[in-house]
Amino acid sequence: MIYNVSSRGYFILMGFSDQPQLENVLFWVILIFYCLTIVGNITIILISSLEPRLHTPMYFFLSNLSLLELCFTTSCVPQMLVNLWGPEKTISYIGCAIQLYVFLWLGATECILLVIMAVDRSVAICRPLHYVSIMHPRLCLQLVILAWGSGLIQSIIQIPSTLHLPFCLHHRVDDFVCEIPAMIRLSCGDTTYNEIQLSISSIILLVVPLTLILISYGAITNAILGVKSTAGQKKAIGICGSHLLVISIFYCTVTAVYLQPKSQYSQKQGKVFTLFYTVVTPTLNPLIYTLRNKEVMIALRHKQCGH
């Protein structure tokens, strides 16, 4: 049975409503992660802006990633916390539509921005003498505009067809947030077009970027192996390994949910994966990219001493 959702005015975000004790635990875990995400990413933005030695392409991209993570988590985590805390799990139709647009826009932007960051690191390590001339400020700004703009275009193209689906009468979304795979599963009509559209965009925004990132890190690894210093090799491999770990968690979990939205695997594991790419990776990114970065730690100590 189907209906026009705008006439009913709301959706019900189910989450783990059949496991109230788990929801209580998740509330506190997600709240802690969210606070760490806010503090970590704001710290990166402030340090990158205030410390002259960090006015480089790498930290320009990193500041954009931090800003993106702040917006991305804030677009969904507060709503998630409200739903986990109390019995009221509804979200208005307009609220769900806004969340769909923002969620996909920022998610698609992050996929592209991570590729840009990987290529930047590849150029810095593989062609250090030409790095400044290649990654000049104008190019960096153009790349960032490309990332944010491409994500926005993807959102504008994808979301209208999702919102026009004939949704089932129970209007229960089997997820924590309004995102395309969950909305497709809620539909009682033919979703073939939406699934094909989502699969194509997933290949373009997930599979292709991940491939480019792996190629970039492959070039980095090859350059690192040419370094004579064993200590330098271990340090560089450790840093690249940690970056790849976070990137892999993000891309693999998102791909599992978005590439085949109606698969049994996606339905059963989707909510767990959603927690990973909405809560866990935005917290890990500032930790991985800064705590293991000597320049940032020196800048932090410099600011503390200055106060």
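Owing to the predicted nature of the structure, the values given are computational and were not obtained by experimental measurement.
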May I ask whether [X] and [Y] are part of the same hydrophobic cluster, defined by side-chain heavy atoms of I, L, V, M, F, W, Y residues being less than 4.5 angstrom apart, directly or through others?
X: Ile112; Y: Ile215; answer: no
X: Leu206; Y: Ile153; answer: no
X: Ile32; Y: Phe276; answer: no
X: Leu146; Y: Leu139; answer: no
X: Leu67; Y: Leu113; answer: yes

**OP:** Tell me, with the steps shown, if Phe60 and Met135 meet side-chain contact (heavy atoms from CB on, under 4.5 Å).
**Re:** CA-CA 11 Å; Phe60 175 66; Met135 302 302 294; over 6 Å; no
Does any N or O in the side chain of [X] come within less than 3.5 Å of the main-chain N or O of [Y], such that one atom is a donor and the other an acceptor?
X: Tyr251; Y: Cys111; answer: yes
X: Ser92; Y: Gly95; answer: yes
X: Thr253; Y: Ile249; answer: yes
X: Asn194; Y: Ser161; answer: yes
X: Ser48; Y: Ile45; answer: no
X: Thr43; Y: Val39; answer: yes
X: Ser75; Y: Phe103; answer: no
X: Trp105; Y: Trp148; answer: yes
X: Ser187; Y: Pro166; answer: yes

Rounded to the nearest 0.5 Å, what separates atom [atom1] in [X] from atom [atom2] in [Y]?
X: Tyr59; Y: Ser66; atom1: OH; atom2: OG; answer: 11.5 Å
X: His55; Y: Ser63; atom1: NE2; atom2: OG; answer: 8.5 Å
X: His171; Y: Ile91; atom1: NE2; atom2: CD1; answer: 13.5 Å
X: Asn41; Y: Leu70; atom1: CG; atom2: CG; answer: 4.5 Å
X: Leu84; Y: Leu13; atom1: CG; atom2: CG; answer: 10.0 Å
X: Thr191; Y: Gln197; atom1: OG1; atom2: CD; answer: 11.5 Å

Between [Y] and [X], is there a side-chain heavy-atom distance shorter than 4.5 Å?
X: Arg138; Y: Gln142; answer: yes
X: Ile159; Y: Ile180; answer: yes
X: Leu26; Y: Leu275; answer: yes
X: Pro57; Y: Tyr131; answer: yes
X: Gln154; Y: Ile204; answer: no
X: Val279; Y: Thr37; answer: no
X: Val208; Y: Leu212; answer: yes
X: Gln79; Y: Val177; answer: no

**OP:** Give me the one residue out of Lys89, Met183, Gln99, Arg172 that meets side chain to side chain contact (heavy atoms under 4.5 Å, CB included) with Phe11.
**Re:**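 So, applying the side chain to side chain contact (heavy atoms under 4.5 Å, CB included) to Phe11 and each of Lys89, Met183, Gln99, Arg172, only Met183 qualifies.
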**OP:** Apply side-chain contact (heavy atoms from CB on, under 4.5 Å) to the pair Thr278 and Phe72, showing each step before the final yes or no.
**Re:** CA-CA 7 Å; Thr278 57; Phe72 183 68; 4.3 Å; yes
Check [X] against [Y] and note the closest heavy-atom contact, atom names and distance.
X: Asn285; Y: Glu110; value: ND2-OE2, 3.7 Å
X: Ser122; Y: Ala219; value: OG-CB, 3.9 Å
X: Leu165; Y: Asp190; value: CD2-O, 4.3 Å
X: His136; Y: Ser133; value: CD2-O, 3.4 Å
X: Leu198; Y: Pro181; value: CD2-CG, 4.2 Å
X: Pro160; Y: Tyr101; value: CG-OH, 3.5 Å

Subject >> Exceeds 12 heavy-atom contacts within 6.0 angstrom, atom NE2 of His164 >> reply: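 No, NE2 of His164 has 12 or fewer neighbouring heavy atoms, counting only those of other groups under 6.0 Å.
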Subject >> ring pair (Phe, Tyr, Trp, His ring centres under 6.0 Å) contacts touching residues 14-39 (sequence neighbours left out) >> reply: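 Output for this query lists Phe16-Phe176, Phe27-Trp85.
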Original post:
Please, which pairs that meet ring pair (Phe, Tyr, Trp, His ring centres under 6.0 Å) have at least one residue in residues 177-212, sequence neighbours excluded?
Top reply: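 Of all non-adjacent pairs touching residues 177-212, none passes ring pair (Phe, Tyr, Trp, His ring centres under 6.0 Å).
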Original post:
Can Phe250 and Leu284 be said to form a side-chain contact (heavy atoms from CB on, under 4.5 Å), step by step?
Top reply: CA-CA 10 Å; Phe250 174 77; Leu284 291 178; over 6 Å; no
